[in-house]
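The structure appears below as structure tokens.
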Amino acid sequence: MAEVTKVEKKASAKASKKVADPMAASVDKATQQMIRRAQDLGIETCFDRNITIKPCNIGNQGTCCKNCGMGPCRLPLPKDYDEATDDRKGLCGATPNTIAARNFVRMIAGGAAAHSDHGRAVAEVFLSAARKETDAYQIKDTRKLLDVAPLLGVATTVEKDGEVLDRDLDEIAVEVGEKAFNEWGKAEGELEYLTRAPKPRYEIWKKQGVLPRNIDREIVEIMHRTHMGVDQDYKNLMKQGTRAALADGWGGSMLATDLQDIMFGTPFPRVSEANLGVLKEDHVNIVIHGHEPVLSEMVVAVAQKPEMVEYAKQKGAKGIQLSGICCTANEILERHGVPLCGTFLQQELSIITGAVDAMVVDVQCIFQNLANVAKCFHTKLITTHPIAKMEQDNVLHIEFDEHHAIEDAERIVKLAIDNFENRGTEVMIPPQKSPIVAGFGVESVEYHLGGSFRGTYYTLNDNIINGRIRGIAGVVGCNNARVKHNEGHIAVVKELIKNDVIVLTTGCNAIACAMEGLLTPESASVFCGPGLAEICETVGIPPVLHLGSCVDNSRILLAATEVVKAGGLGNDISDLPVAGSAPEWMSEKAISIGQYVVASGIYTVFGAVFPTAGAPVFQRYLFEEMEKIYGGMCDFEADPIKHAHKMIAHIDKKRKALGIDKARDRVMMDFSDRQALEA
Ligand code: CUV
Ligand code: SF4
């Protein structure tokens, strides 16, 4: 009782100071504890700022235009909105549809640029590794190199005197690097990877005129077309939005994934842990945050060196504990089993533990407020990328370069070790951490769910056809401080697996699922419907498969393509009982992902907010008419249970169209018979 009063007192004190209610801010205990600790220490976090700064009600409807100096022109949806009489316009005459569409495709441009520029940076390092200009990076996975080469039009054999010989691997690698790099700016043709999609899908893109020519061009063209006074037809604007999004999903992101796999190894399932509890009080804690694994791979390699561990011991630590936040975390988890420290919204909180000796960041999703939080502790905050610096003067910038990658990583790790002794006495690491199995991919799904000798997705398809697995969902994307941390992520995924839908996850959804314990084979019997539980138990996999980072959403596209190829479920991705979801999205990257997934034929539901509410006609184009063109469309549903059921309804619609709806009824009937017998 006394405890309750204390908490209540604290809560009322906090209300007067306008800070977040930790219980309302997150479903996660470790997160709640750290929010409370931050407030006790008088350190502000994003959760408090969610209370003090409110989003602009016109901007979040998508109908504020500031594309020229005569604006901003603000066109909120009137209370008595009537489509027939709506005559809102900007100074130039731009309609709400034009403004919302311009803003939307600019979000796609931002997202596609972020993913693709990441891919380009990887391609650059790949090329110097292939040319042996760096000793830090090597071509590790030669099998994947040989798989990827023909997809980029690189020959893997040569003919000599009428004999077919294997080509030199180094030669292949250099040519793969050059060909890949060319995808960003080639003068003619179209992206090489587009033909990896099922043939009917490619034909739809061709007919629509949305085959990307090269990656950069489609992004630049968006900036041109959304400039004041250019493209003023929302349908035509979306055409370009789609083209750039495809250049992301089937271009920049897919290249990033492939080249990373070749250089750093194709992921396979491995055991690890997730949540703030992975930090260790008696270890040097280095948290890696951001997106490009080019740097983090080196930090992982260096932190494992015996001389570094020895150095840490000399400084009084028991060892070095690496962990990650956001997608960099997913990258080093899927390849090295490095634990996940937390989601996007836990970045400030990790420092609040007082146990982080260095946080190393590269690009994307990094809060500038990290610098202010780090200032309150001994934590060294280190930026590493020439394109991502911070203005605060307590931030160190150690520029990372592939030509002296090992030395850079050594400097960073040493700095963290040297900082260990500066720790305050006030360390508080929440105990929560969950065991996980992560690191699935197109290859390992085939291995686990493929036919024993066919080596394709045959068994997976078979179980979808016979109804044990109702369908497949890709649930991805960020956290959004405007909604309760992880609530939507976890509720959507649990509802799906309860209804026998197997979930493929990436990004911060994957981290949320990890924290909740959904990434273990054991969770199948607890959370799944009978059909999916049976499959997971037989094969020994979790019902939620962690496929990596956000650029690894390309793995979901390719997995869907493999399902089409294995047969029995239609001829195109849009025929499959498949749906997508981003329950707590916030980044422009999520909008780009959403659009390439939709254009690939997949129905995709967004949670949190959707940035087109001020332009109902344009929104209807995205939510309804898109399906007539691509067989996939966007939707919005904030309530996680309804959100999941919209996906399930779509999956059932596809099952019916394939004529496999009856099979599932039979499985469910068998199950209830069995249950009756057991009872
Ligand atoms: Ni790209 S999913 S916040 S880190 S983009 Fe960052 Fe992944 Fe969203 Fe999470
Ligand atoms: Fe206003 Fe048109 Fe300029 Fe946009 S482009 S700010 S709608 S005048």
Side-chain angles (χ1 to χ4, degrees), residues 46 58-59 62-75 88-103 106-107 110-119 225-232 248 252-253 256-257 288-293 296 324-334 340-347 361-367 474-481 485-486 488-489 505-514 546-554 581-594 606 608 614-615:
C46 63
I58 306 166
T63 44
C64 169
C65 180
K66 52 180 187 60
N67 290 12
C68 89
M70 298 187 288
C73 297
R74 301 181 300 165
L75 274 53
R88 292 173 291 159
K89 27 177 128 49
L91 190 145
C92 65
T95 64
N97 294 332
T98 298
I99 293 175
R102 283 199 299 224
N103 288 335
R106 277 202 175 189
M107 290 185 88
H115 284 149
S116 300
D117 213 36
H118 162 173
R225 283 164 77 157
T226 56
H227 180 278
M228 196 274 159
V230 185
D231 203 350
Q232 295 164 134
D248 174 356
S253 282
T257 297
I288 309 176
H289 173 23
H291 280 78
E292 290 179 7
S296 48
I325 285 177
C326 275
C327 278
T328 278
N330 289 321
E331 298 277 5
I332 50 181
L333 165 68
E334 66 180 340
L340 299 168
C341 185
T343 64
F344 171 66
L345 287 186
Q346 289 171 295
Q347 52 184 294
V361 303
D362 52 59
V363 289
Q364 300 167 22
C365 302
I366 295 145
F367 279 174
V475 190
V476 307
C478 329
N479 291 103
N480 184 319
H485 173 238
N486 282 5
H489 278 319
T505 177
T506 61
C508 287
N509 178 272
I511 303 178
C513 290
H546 183 302
L547 261 70
S549 67
C550 298
V551 294
D552 291 336
N553 284 324
S554 58
S581 159
E584 301 181 27
W585 77 279
M586 64 84 208
S587 81
E588 294 172 322
K589 291 177 283 178
I591 295 294
S592 179
I593 294 166
F606 287 79

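Whatever order the structure lists ligands and atoms in, that order sets their numbers, starting from 1.
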What are the two closest non-hydrogen atoms of Asn97 and Ala615, and how far apart are they?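 Here Asn97 and Ala615 meet closest at OD1-CB, 3.7 Å.
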So, for Asp248 and Ser253, which heavy atoms are closest and what is the spacing to 0.1 Å?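 Closest approach of Asp248 to Ser253: OD1-OG, 2.6 Å.
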Rounded at 0.5 Å granularity, tell me how far CD1 in Ile593 sits from OG1 in Thr506. 6.5 Å
So, taking the atom named SG in Cys73 and the one named CG in Asn67, what distance separates them when rounded to the nearest 0.5 Å? 9.5 Å
The test is side-chain hydrogen bond (donor to acceptor under 3.5 Å, both in side chains); show your working for Thr328 and Ser296 and say whether it passes. CA-CA 7 Å; Thr328 278; Ser296 48; 4.6 Å; no
Apply side-chain hydrogen bond (donor to acceptor under 3.5 Å, both in side chains) to His118 and Lys589, showing your working. CA-CA 12 Å; His118 162 173; Lys589 291 177 283 178; over 6 Å; no
Enumerated ligand 2 atoms positioned under 4.0 Å from heavy atoms of [X]:
X      : answer
Arg102 : 4 (Fe), 5 (S)
Leu91  : 8 (S)
Gly71  : 6 (S)
Met228 : 5 (S)

His115 vs Ser592, side-chain hydrogen bond (donor to acceptor under 3.5 Å, both in side chains): CA-CA, chis, key distance, verdict: CA-CA 9 Å; His115 284 149; Ser592 179; 5.0 Å; no
Closer than 2.8 Å to atom 1 (Ni) of ligand 1: does that hold for any N, O or S atom in Cys508? no
2.8 Å cut-off met by an N, O or S atom of Cys550 to atom 1 (Ni) of ligand 1: yes
Considering non-hydrogen atoms of the protein only, which is the closest contact for [atom], and what is the distance?
atom                    : answer
atom 1 (Fe) of ligand 2 : Cys73 SG, 2.3 Å
atom 8 (Fe) of ligand 1 : Cys478 SG, 2.5 Å
atom 5 (S) of ligand 1  : Lys589 NZ, 3.2 Å
atom 7 (Fe) of ligand 1 : Cys327 SG, 2.3 Å
atom 4 (Fe) of ligand 2 : Cys65 SG, 2.3 Å
atom 3 (Fe) of ligand 2 : Cys68 SG, 2.3 Å

Which ligand 1 atoms are under 4.0 Å away from a heavy-atom of Met586?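 Close to Met586: 3 (S).
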Counting each atom of ligand 1 from 1 as listed, which ones have a heavy atom of Phe344 under 4.0 Å away?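 With Phe344 as reference, the close atoms of ligand 1 come out as 3 (S).
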Give the contacting part of [X] toward ligand 1: side chain, backbone, both or neither, where contact means a heavy-atom distance below 4.0 Å.
X      : answer
Cys365 : side chain
His291 : side chain
Ser587 : side chain

Do the side chain of [X] and the main chain of [Y] share a donor and acceptor less than 3.5 angstrom apart?
X      : Y      : answer
Thr505 : His546 : no
Asn103 : Ala100 : no
Glu584 : His485 : no
Asn480 : Met586 : no

For ligand 1, is there an atom lying under 4.0 Å from some heavy atom of Gly477? yes
Using heavy atoms and a threshold below 4.0 Å, how should the contact between Arg74 and ligand 2 be classified: side chain, backbone, both, or neither?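 For Arg74, there is no contact with ligand 2 at all, from either part.
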Any Thr63 side-chain heavy atom under 4.5 Å of Ile58 side chain: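 Yes. Closest side-chain heavy atoms under 4.5 Å.
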For atom 2 (Fe) of ligand 2, decide whether Cys92 has an N, O or S atom at a distance under 2.8 Å.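 Coordinating: yes.
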